[in-house]
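Inspection log for the structure reproduced underneath, given as structure tokens.
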Amino acid sequence: DAGVIQSPRHEVTEMGQEVTLRCKPISGHNSLFWYRQTMMRGLELLIYFNNNVPIDDSGMPEDRFSAKMPNASFSTLKIQPSEPRDSAVYFCASSPTQTGWSSPLHFGNGTRLTVT
Amino acid sequence: DQQVKQNSPSLSVQEGRISILNCDYTNSMFDYFLWYKKYPAEGPTFLISISSIKDKNEDGRFTVFLNKSAKHLSLHIVPSQPGDSAVYFCAASSGGGADGLTFGKGTHLIIQP
């Protein structure tokens, strides 16, 4: 049973470049979340989708960040242009329910982003 | 402003003893609380949860206690095993969790042989 799949696992890029992170949620899950983990702030919710529709993007730090979910099996998080302070581990998570906690969030293994 | 706080960045416990991880929250609207466990280079995995209508939930070696009046919860692991060495995140939600989870910064638990 495949879990949440994220790619790439590691990304190293230079300041100013565009970065695209990818996520494939668990089949049948209708909610998808993007989180960022840093030492200073821990795990922060950036944006989440329900049935492919963005519900709340108030956690997105700046306009340089954007996320899309063109279909139920794929989502992207894009940073353009990237900056050194964007360096972090980015996690994607999915859940089968919008309300209720019959099943909690399932996380992918994350993408470690380093911007030099 | 951190709504979920884990004030101990790390905790060292001897194998076989009890590990107690603590978590405090400030948002009185939170009605569901979870603990996640994270190994290096992996994503967090769900461990145990508790609804605000309960004050205790037990699953094998893991027990979560909730004190709503103090806005405090704790995770007890007994007996502690080497495989329990990981980072533990406390998380909370309101309104059924549709808006995602709010996480603490985590506590790194080290089980010593």
Side-chain angles (χ1 to χ4, degrees), chain A residues 2-10 23-26 29-51 53-60 67 88-112, chain B residues 1-10 21 23-27 30-54 57 59 62 64 66 75 86-108:
Chain A
V4 176
I5 300 172
Q6 292 187 247
S7 64
R9 288 299 309 272
H10 302 274
C23 175
K24 177 178 169 56
I26 293 173
H29 284 193
N30 59 2
S31 293
L32 184 141
F33 304 81
W34 282 100
Y35 280 85
R36 177 172 69 174
Q37 184 188 14
T38 61
M39 289 293 290
M40 287 291 292
R41 302 175 70 88
L43 275 164
E44 301 174 275
L45 177 63
L46 300 178
I47 184 172
Y48 73 93
F49 297 81
N50 184 259
N51 292 325
V53 176
I55 303 300
D56 185 356
D57 65 354
S58 60
M60 297 285 259
V89 181
Y90 291 80
F91 289 102
C92 176
S94 69
S95 172
T97 57
Q98 180 184 13
T99 59
W101 284 101
S102 60
S103 180
L105 297 186
H106 299 256
F107 282 82
N109 285 333
T111 295
R112 180 175 293 277
Chain B
D1 182 32
Q2 282 267 307
Q3 297 187 64
V4 177
K5 300 177 184 178
Q6 294 177 257
N7 292 321
S8 298
S10 65
L21 295 90
C23 177
D24 298 293
Y25 62 95
T26 58
N27 188 341
F30 287 146
D31 58 7
Y32 205 91
F33 305 89
L34 307 88
W35 285 93
Y36 277 77
K37 177 180 182 179
K38 184 184 180 304
Y39 291 119
E42 294 183 9
T45 55
F46 170 72
L47 186 58
I48 192 170
S49 63
I50 187 167
S51 165
S52 59
I53 63 173
K54 295 184 175 182
N57 188 28
D59 183 3
F62 302 91
V64 56
L66 175 62
L75 174 68
V87 177
Y88 290 79
F89 290 96
C90 173
S93 73
S94 61
D99 298 337
L101 297 174
T102 301
F103 284 86
K105 291 186 178 181
T107 296
H108 186 193

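Throughout, protein chains are lettered first and strands after them, A, B, ... in sequence-line order, and every chain is numbered starting at 1.
Between the side chains of B:S94 and B:D31, no donor-acceptor pair of N or O atoms lies under 3.5 Å. Of the N and O atoms on the side chains of B:Y32 and B:S49, at least one donor lies less than 3.5 Å from an acceptor on the other residue.
Residues A:F33 and A:Y48 place their aromatic rings such that the two centres sit under 6.0 Å apart.
When heavy atoms are compared at a cutoff of 4.5 Å, A:Q6 does not approach chain B at all. Contact of B:Q2 with chain A is made through the side chain alone, with heavy-atom distances under 4.5 Å. Looking at A:L45, the atoms closer than 4.5 Å to chain B (heavy atoms on both sides) all sit in the side chain, from C-beta outward.
Chain B forms the most heavy-atom pairs under 4.5 Å with one residue out of A:R41, A:M39, A:R112, and that residue is A:R41.
Just one residue in the list B:Y88, B:Y36, B:W35, B:F33 forms a ring pair (Phe, Tyr, Trp, His ring centres under 6.0 Å) with B:F103, and that residue is B:Y36.
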